[in-house]
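Written out below as structure tokens is the structure these notes cover.
Values below: every heavy atom of this structure, side chains too, minus hydrogens, waters and symmetry copies.
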Amino acid sequence: MRRFSLVALGAALFSTPLAAQTVRYDVTLMSTTEKQFHVAADFPAAGKETLFVSLPAWSPGNYEIQNYAKYVHAFSAKNSAGQSLRWDRGDKDTWRVVTGRADRVTVEFDFIGDTIDLSTARVTQDFGQFLGTNLFLFEEGQIGKPAEVRFHVPADWKIATSLTGPANGVYRAADYHELADAMTFLGRYSLDSLQADGKSIRIAVWPAGDYSPAVAANIRNGVAKMAPVQNKIMGGAPYDTYTIFFNVIHEPINFGGGLEHSASQYDIMPAGAFADPSGTLGDFMYPLLSHEFFHLWNVKRIRPAEMWPYDYHAEQYTPLLWWSEGVTDYYADLTNLRAGLWTPDQFLQNAMSNIQQVESTPEPWSAEDGSEATWIHEVYINSSQLYYPKGSLLGFLLDVSIRDATDNAHNLDEVMRALFTRYYRQNKGFRTTDLLNELRTAGMPDVDGFYRRYIDGRDSLPYETVFAKAGIVVNTQVVTVPFVGVSSQPTPNGAMQVQAVTPGSAAEAAGVQAGDVITSIGDINVAANQDWATTFRSQYRGKAGQPLTITVQRAGQTLTLKTTVRERTNTSYRLSRAPNPTPKQAKIWQGLASGL
């Protein structure tokens, strides 16, 4: 990527000293009370009449338009003599500065950091964090310029960033892509490190108190085992230093997750899901760490062609996020199995959960459609979230199919390495046809048929027939359960607001509407911090047709809506290893579980 950017700029870059081309940034933690950063960006203007500078509208890996420019205020511009320059808005995320043909132009602004999110800046009393896309403007058409960054924080605060440095207090990035991808912690937090395969891995956790000795031991143990497994799969680590940035949230939030970067990951978890008082990590911790770690290769380097290079202004649609995210999930799970962090039963339990999620959706959808729809947050079926479990299952099925067809001589690992070598290392992205060709080369039978039916198509995945080849038995059980028929989302105060109502459901019959806040169903209180759905299913099982009330808040009024209990039929799945596998089945399972 660095060489590509330099070559693209041609002789003009080399005719001007590199220092004169460098964009210089100063980031100041202006106010912890007002939760704001102050940013000064000094651009080479080279006598241009107008300088166009932009702030990204989204962050790669977090596939939604977030418009970081909405957090900007107190914008100003001046020349090297300190004289104010005229500016206006070019569009939602671009500013036009009239330079007066100055050699350099400094743009300054304040940025509000008050949001808990995987790709948005935040400031608290003793801590600040941001992603490069939040604070670093870029000049239109000049993505390849190098950058220097200086931080101005209290003397007793630490700085952890994925930027190169520091050298004399200056951090550097070779181009804007590297700058935009840089995660940074400023403040008082815990900073630990370990060595894995001869490379350094840092662990930064805020608040520091959550990184207890027991938690540290468990995280270090997991990471130390994950890294060598993934390095072996991909042929070595693509970094010298890798940083795990972690926020533990003690206030109410309704999510946990991570965002990948080229030499780091940033994770957010509610305190209760992070670790218990004894230091035992939550069930999602190892899968999260492993998933974001494997993104080092898959999507940060092995990237769909539609996202090569990144366009920071607009959506970049691709049908391949099922591979970039879902198959990454498969490798995260495989990593935990091969590293000994999961037992075979835990690995199969997780696959069973994936099947349950995919098969319980009320209508069929394709992995490619989910990949394209990730930008819009569908209400009825959020396939942008479901391509994680479905993509993981597709990876599992492809891996078993290749191993079976080649007597375990070839596997999906080879496909991943081929994409890394033939596309990323050739400075280009891959397309669906490229992926299918690599699968075909590895020995996947009937690649085109599998693609038409299960990736682009909506056929139910062939769990029983394919998993049997690895000695995995799929048992199904049909059960009837009561259901309300609402898709809901927590509000900031912990209430549950209806996003959509399922046709033919009890909620539809009652007259529940999108926007209603449900407070109770029958005598069951509904709130974000309660597992009310499980309680409802347990209490009303077998009571189809009996009267049921749903109490909602609508437009400031409390309404008690009347309906009846309705049920629907679900299929539950259980995966287990065959008690007496054939030699070939045992060989394929052993290949999956060990990587051999």
Side-chain angles (χ1 to χ4, degrees), residues 5 8-10 12-13 16 20-28 30 36-60 62-113 115 119-121 130-149 173 175-182 306-317 375:
S5 297
L9 288 171
L13 178 60
T16 305
Q21 289 293 314
T22 300
V23 183
R24 303 186 184 99
Y25 300 86
D26 284 86
V27 176
T28 304
M30 189 178 72
Q36 295 189 81
F37 290 99
H38 180 77
V39 181
D42 181 61
F43 291 93
K48 299 173 185 175
E49 291 185 359
T50 306
L51 187 71
F52 294 86
V53 293
S54 300
L55 202 59
W58 69 289
S59 297
N62 195 18
Y63 306 107
E64 62 176 327
I65 297 298
Q66 291 195 303
N67 293 319
Y68 303 116
K70 68 186 177 184
Y71 299 106
V72 171
H73 69 105
F75 189 94
S76 66
K78 61 185 178 183
N79 60 22
S80 55
Q83 297 170 320
S84 295
L85 300 174
R86 187 168 65 86
W87 61 271
D88 63 5
R89 297 295 289 261
D91 56 36
K92 65 174 184 176
D93 53 28
T94 303
W95 291 260
R96 296 180 294 205
V97 180
V98 179
T99 70
R101 295 194 175 276
D103 287 336
R104 299 193 71 90
V105 169
T106 299
V107 171
E108 299 189 46
F109 61 89
D110 296 334
F111 190 94
I112 300 169
T115 304
S119 64
T120 304
F130 68 89
L131 181 58
T133 49
N134 306 153
L135 303 187
F136 297 132
L137 291 162
F138 64 94
E139 181 184 358
E140 290 291 333
Q142 301 296 323
I143 292 290
K145 288 184 176 179
E148 294 180 352
V149 181
D175 58 24
Y176 187 78
H177 293 303
E178 185 177 324
L179 185 70
D181 189 58
E306 295 85 358
M307 295 194 298
W308 193 293
Y310 289 125
D311 177 357
Y312 295 101
H313 290 296
E315 300 92 337
Q316 287 184 279
Y317 298 101
W375 298 89

One should read off an interatomic distance between Tyr63 OH and Gln316 CD, to the nearest 0.5 angstrom, of 9.5 Å
Which atom of Leu179 lies closest to which atom of Ala147, heavy atoms considered: CD2-CB, 3.9 Å
Side chain to side chain contact (heavy atoms under 4.5 Å, CB included) partner of Val105, chosen from Val53, Leu51, Asn79, Val98: Leu51
Find out whether the Lys NZ or Arg CZ of Arg96 is both under 6.0 angstrom from the six-membered ring centre of Trp87 and within 45° of the ring's axis. no
Is Asp91 reaching over with its side chain to a backbone N or O of Asp93, donor-acceptor style, under 3.5 angstrom? yes
Could you tell me which non-hydrogen atom of Gly47 sits nearest to which non-hydrogen atom of Arg101, and how far apart they are? O-NH1, 2.8 Å
Would you please classify the geometry between the Phe138 ring and the His313 ring as parallel, tilted or perpendicular, with 30° and 60° separating the classes? tilted
For the student: nearest non-hydrogen atoms of Tyr176 and Gly132, plus distance: OH-O, 4.2 Å
What is the minimum heavy-atom distance between Asp175 and Ile143, and which atoms define it? CB-O, 3.6 Å
Glu108/Ser76 under side chain to side chain donor-acceptor pair (under 3.5 Å): CA gap, chis, key distance, verdict: CA-CA 5 Å; Glu108 299 189 46; Ser76 66; 5.2 Å; no
Minimum side-chain heavy-atom gap Phe136-Val27 below 4.5 Å: yes
Phe37 and its ring pair (Phe, Tyr, Trp, His ring centres under 6.0 Å) partner, picked from Phe111, Phe130, Tyr25, Tyr71: Phe130
Residues Val23 and Arg104: closest non-hydrogen pair is CA-NH2, 4.4 Å
Hey, could you give me the CG/CZ distance between Leu137 and Phe52, rounded to the nearest 0.5 Å? 14.5 Å
Parallel, tilted or perpendicular, as decided by the 30° and 60° cut-offs, for the rings of Trp58 and Tyr310: perpendicular
Test item: Arg24 and Glu148 side chains (from C-beta on) under 4.5 Å apart, heavy atoms: yes
Considering only heavy atoms from C-beta outward, does the side chain of Pro44 approach that of Lys145 to under 4.5 Å? yes
Without swapping roles, check the side chain of Asp181 against the backbone of Glu178 for a donor-acceptor pair under 3.5 Å. no
With rounding to the nearest 0.5 angstrom, report the CG to OG1 distance, Asp110 to Thr28. 9.5 Å
Roughly how far, to the nearest 0.5 Å, is CG of Leu85 from NZ of Lys78? 10.0 Å
What is the minimum heavy-atom distance between His177 and Tyr312, and which atoms define it? ND1-OH, 2.7 Å
NE2 (His73) and CD (Gln36) are apart, to the nearest 0.5 Å, by 3.5 Å
Apply side chain to side chain contact (heavy atoms under 4.5 Å, CB included) to the pair Trp95 and Leu55, showing each step before the final yes or no. CA-CA 9 Å; Trp95 291 260; Leu55 202 59; 4.1 Å; yes
Heavy atoms, side chains only, cut-off 4.5 Å: are Lys48 and Phe43 in contact? no
Interatomic spacing from OG1 in Thr120 to CG in Asn62 - rounded to 0.5 Å: 7.5 Å
Using atom types as modelled and distance alone, determine if a side-chain donor or acceptor of Gln66 lies under 3.5 Å from a backbone N or O of Ser59. no
Any donor-acceptor N/O pair, Asn134 side chain to Ser119 backbone, under 3.5 Å: yes
